[in-house]
Structures are given as structure tokens and as C-alpha cells.
Amino acid sequence: RLEAAALDPTSPFGVIRGTLYREMEERRLTRLEPDTAVLALRQRALVILRNVNDAYFELGPMRALDQLESADSLLLQAELANPEGVLATLERARLAQSMAILSARGRQQFPDSTALPHPSIYFRRSIARADEVVRRAPQLADGWLLRGRSTDLLLGFLEDSTLGPRALTDLRQANRLDPSRPAVWMAQASIESRIGELRAALFSIRRAQEAAPLHSQGDYLDYKRFEAELQLERYDSAMVACSVGARRYPKAPLFRICGTKVAGLRSAEARDADTALRLADSLAGLEKLALPPTTPTELRLYAAAILW
């Protein structure tokens with residue numbers, strides 16, 4: 001119980017752990033820029049970014065994008081103030097990625113917002129700025145990471161068979177330069193899993209777990225390991241990952257269903273089908289389901305598979 005309480009991201013320990021992780025990341029970034037005027041401009045831009053969700057819902061996606069453009073203008077001033085630095089350019093690349101995601105969300109949620117720029121415009125902008133970071137600071141993992149992520153996200157809006165391998169190459173280079181960041185390993189694992197390199201994905205997930213001493217994404221990492229083992233049809237290993245995750249994170253919804261997923265793929269026992277149906281009924285009765293809405297139906301299909 002003590003271990004579970006310590007790892008739960010919503011517990012006091014978890015909140016402190018997450019805060020420490022963010023503080024460490026912020027200190028690492030600010031060490032890249034000695035100019036206090038540049039840091040002050042960056043801070044003003046970050047305040048706008050933190051408030052952009054309020055602008056999105058209160059004023060609409062176009063006004064929210066306008067606010068992000070004003071944040072980009074501040075970062076451009078910072079970039080001009082110190083042309084040799086990389087932090088402002090790095091933040092502009094990150095900001096362009098955020099603008100692409102906001103534009104995609106706005107086009108989906110507000111179909112009449114035809115004036116919204118296409119997300120690919122901002123992803124290309126992000127890639128171009130990350131290119132500049134890579135050129136100026138090739139030993140800095142952040143540039144490779146941002147370029148890889150934006151390239152991978154661009155693939156969702158553009159058919160180009162070269163984008164996936166390019167994104168994977170950038171993420172692997174980021175991990176070679178700095179293997180201590182779990183988010184980078186997980187981004188790499190995501191692409192590896194998608195293209196069928198499942199053993200490589202499992203290796204990347206394990207490296208992410210090793211690189212996460214604060215366990216700020218512990219439940220997510222444990223579940224991704226379960227999924228990778230499941231895709232490899234290593235059912236015993238998948239059940240171990242499921243059991244470990246459920247013990248560490250008893251409040252994590254995904255670990256309520258992982259055992260039933262394994263049973264649905266390999267069991268022929270009627271009692272396992274009964275368990276799946278009972279779980280489906282209990283989840284379907286919840287007013288707020290902290291899982292995909294299709295989960296009860298999925299569990300019933302697993303029950304049918306077991307009986308078949």
C-alpha cells in the first residue's frame with residue numbers, strides 16, 4: 001500500500017514528484033540561455049501559452065491562435081536579442097507545434113472555422129525551426145526531439161512515406177545524445193510499435209522506465225509495457241506487467257481491464273467470460289467512465305471470444 005501511495009500521481013507524493021520533474025526540466029532549459037532579457041521575454045511568452053486554453057474556449061480558436069502568434073513575436077524578439085542562443089528558437093519550434101495541435105482541434109470542434117490555417121503549415125514551421133536548433137547545437141537532444149515529434153505528427157495530415165523513418169531517426173539520435181528522458185524513449189516506442197518493430201518498442205519502453213526515477217509517468221509506462229508484451233503474444237509476461245501495474249497504481253483505470261484483455265486472447269474458461277461480462281456491466285453503469293467509451297463493448301467481445 002505504501003508503494004502504491006508513493007507512485008500514485010494524484011497523491012501528495014505524486015504531486016510533489018511531478019512538480020520536481022517540471023522544475024528540473026525548467027532549470028535544465030534556462031541553463032541554455034545566460035541572457036536575462038531573453039529569459040524575461042520567454043517567460044512572458046510562456047504565460048500566454050499557459051492561458052491559451054481559456055482563450056480557446058472563451059474567444060474561439062482563431063483568437064487563441066492570434067495570442068500564440070503574439071507569443072511567437074516575443075520569442076522572435078528574444079531570438080534577435082541573442083542570435084547565438086538556441087533557447088528562443090527551441091521555444092518557437094515548440095510553440096509552432098502547439099499551434100498546429102490547436103488548429104487541428106479547432107477544425108474538428110468548430111467545423112465552420114474554415115479560416116483556420118491547416119495544421120501542416122505549423123508543423124512545417126516547427127520542423128524548420130527545429131532544423132535551426134539542430135544546426136546550431138547538434139549535441140542538444142531537444143532539437144532532434146522536437147523535429148522528430150513534429151515530423152511524426154505531420155504524418156497525420158500528409159501522406160508521405162518518408163516522414164515516419166525520418167521521425168524515428170531523429171528520436172533515436174535524441175536518445176543517443178540524452179538517454180535520461182523517458183518522454184523521448186516513449187515517443188520512439190510509439191513509432192516503433194506503429195511500424196511493427198515490437199521488440200524495439202519494448203526495449204524503448206524499458207529504457208523509459210529506467211530513465212524515470214521520479215515515476216512521473218509510471219502508470220502510463222507500465223501499461224505501455226503491458227501492451228507491447230501483448231502485441232508480441234507473450235501472454236505470461238503481459239500478465240506480469242498487468243499485475244505489477246495494478247499493484248503500483250490501484251487507481252489507474254487501464255489496469256482494471258488488462259487481465260481481461262489477456263484472457264480474451266488466450267482463455268477458454270467460462271469463468272473468465274463471466275468476469276469480462278461483469279466488468280463490462282459495472283463500467284457501463286458508471287456515469288463518468290475514465291476509459292474509452294467503447295471499453296464495455298470491447299470487454300463483451302472478449303467474453304464472446306473466450307466462449308467461442
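Side-chain contact check for V184 versus R181: some heavy-atom pair is nearer than 4.5 Å. At a threshold of 4.5 Å between non-hydrogen side-chain atoms, the residues R42 and L75 count as touching. By the 4.5 Å heavy-atom criterion applied to side chains, F203 and R199 are not counted as neighbours. Looking at heavy atoms from C-beta onward, M99 lies in side-chain contact with R125 at the 4.5 angstrom threshold. S204 is listed as a side-chain neighbour of E192, based on a closest heavy-atom distance under 4.5 Å. Taking 4.5 Å as the limit, some side-chain heavy atom of E132 sits within range of a side-chain heavy atom of R136. Side-chain contact between Y122 and S150 is absent, with no heavy atoms from C-beta onward closer than 4.5 Å. At least one side-chain heavy atom of R256 sits under 4.5 Å from a side-chain heavy atom of L283.
Looking at residues two or more places apart in sequence or on another chain, you find a ring pair (Phe, Tyr, Trp, His ring centres under 6.0 Å) between F157 and H118, F123. By the side chain to side chain donor-acceptor pair (under 3.5 Å) test, S267 is found to be paired with D272, residues two or more places apart in sequence or in another chain being considered.
Salt-bridge check for E227 with R194: failed, with every basic side-chain N at 4.0 Å or more from each acidic carboxylate O. Comment: D219 does not engage R248 in a salt bridge, judged by the lack of any side-chain N to carboxylate O separation of less than 4.0 angstrom. One finds no salt bridge joining R206 and E210 here, because no Lys/Arg side-chain nitrogen approaches an Asp/Glu carboxylate oxygen to under 4.0 Å. The pair D178-R28 does not count as a salt bridge, with every side-chain nitrogen at least 4.0 angstrom from each carboxylate oxygen. Taking 4.0 Å as the cut-off between side-chain N and carboxylate O, D274 and R278 count as a salt-bridged pair.
Side chains of S126 and R94: no donor on one and acceptor on the other come within 3.5 Å.
Two different hydrophobic clusters hold L59 and L102 under the rule that ILVMFWY side chains link at heavy-atom gaps under 4.5 Å. The hydrophobic cluster containing L74 does not contain L49, counting ILVMFWY residues as joined when their side-chain heavy atoms lie under 4.5 angstrom apart, directly or transitively. Hydrophobic clustering (ILVMFWY, side-chain heavy atoms < 4.5 Å, transitive): V244 and Y235 are in distinct clusters.
Closest approach of A130 and A93 over heavy atoms only: N-CB, 3.8 Å. Residues A96 and R129 share a closest heavy-atom pair of CB-NH1, 4.2 Å. What you find for I48 and S70 is that their closest heavy atoms are CD1-OG, 3.7 Å. What you find for C242 and F226 is that their closest heavy atoms are CB-CD1, 3.9 Å. The minimum heavy-atom distance linking G106 with P61 is given by the pair CA-CB, 4.1 Å. The shortest heavy-atom contact between A280 and P296 is CB-O, 3.5 Å.
Panel note: side chain S243, backbone M239; a donor-acceptor pair is recorded below 3.5 Å. Between the side chain of S282 and the main chain of L279, a donor-acceptor pair closer than 3.5 Å is present. Counting only distance, with no hydrogens or angles, the side chain of T295 and the backbone of L291 share no donor-acceptor pair below 3.5 Å. A donor-acceptor contact shorter than 3.5 Å is absent between the side chain of W185 and the backbone of A211. Side chain of N51 to backbone of V47: a donor-acceptor contact under 3.5 angstrom is found.
Ring geometry for Y223 against F255 counts as perpendicular: the plane angle is over 60°, on a 0 to 90° scale with 30° as the lower cut.
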Return a table of donor-acceptor pairs under 3.5 angstrom between the side chains of residues 158-170 and protein atoms on other chains or two or more places apart.
| from | atom 1 | to | atom 2 | distance (Å) |
| --- | --- | --- | --- | --- |
| D160 | OD1 | T162 | N | 2.9 |
| D160 | OD1 | T162 | OG1 | 2.7 |
| D160 | OD2 | T162 | OG1 | 3.4 |
| T162 | OG1 | R166 | NH1 | 3.3 |
| T169 | OG1 | P165 | O | 2.9 |
| D170 | OD1 | R147 | NH2 | 3.0 |
| D170 | OD2 | R147 | NE | 2.7 |

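With side-chain heavy atoms closer than 4.5 Å counting as contact, directly or through intermediates, the hydrophobic cluster containing L140 also holds L29, L32, L39, V86, L87, L90, V133, L146. In the hydrophobic clustering (ILVMFWY side chains linked at under 4.5 Å, chained through shared members), I306 stands by itself. Members clustered with L198: L202, L232, by chain and number, using a 4.5 Å side-chain heavy-atom cutoff among hydrophobic residues.
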Give the intermediate values and the outcome of side chain to side chain contact (heavy atoms under 4.5 Å, CB included) for residues Q209 and D222. CA-CA 8 Å; Q209 290 178 307; D222 274 358; 2.6 Å; yes
Evaluation steps, side chain to side chain donor-acceptor pair (under 3.5 Å), between Y56 and Q109: CA-CA 11 Å; Y56 179 88; Q109 294 181 339; 2.6 Å; yes
Steps toward side chain to side chain contact (heavy atoms under 4.5 Å, CB included) verdict (R300, D281): CA-CA 9 Å; R300 293 187 181 107; D281 290 344; 3.1 Å; yes
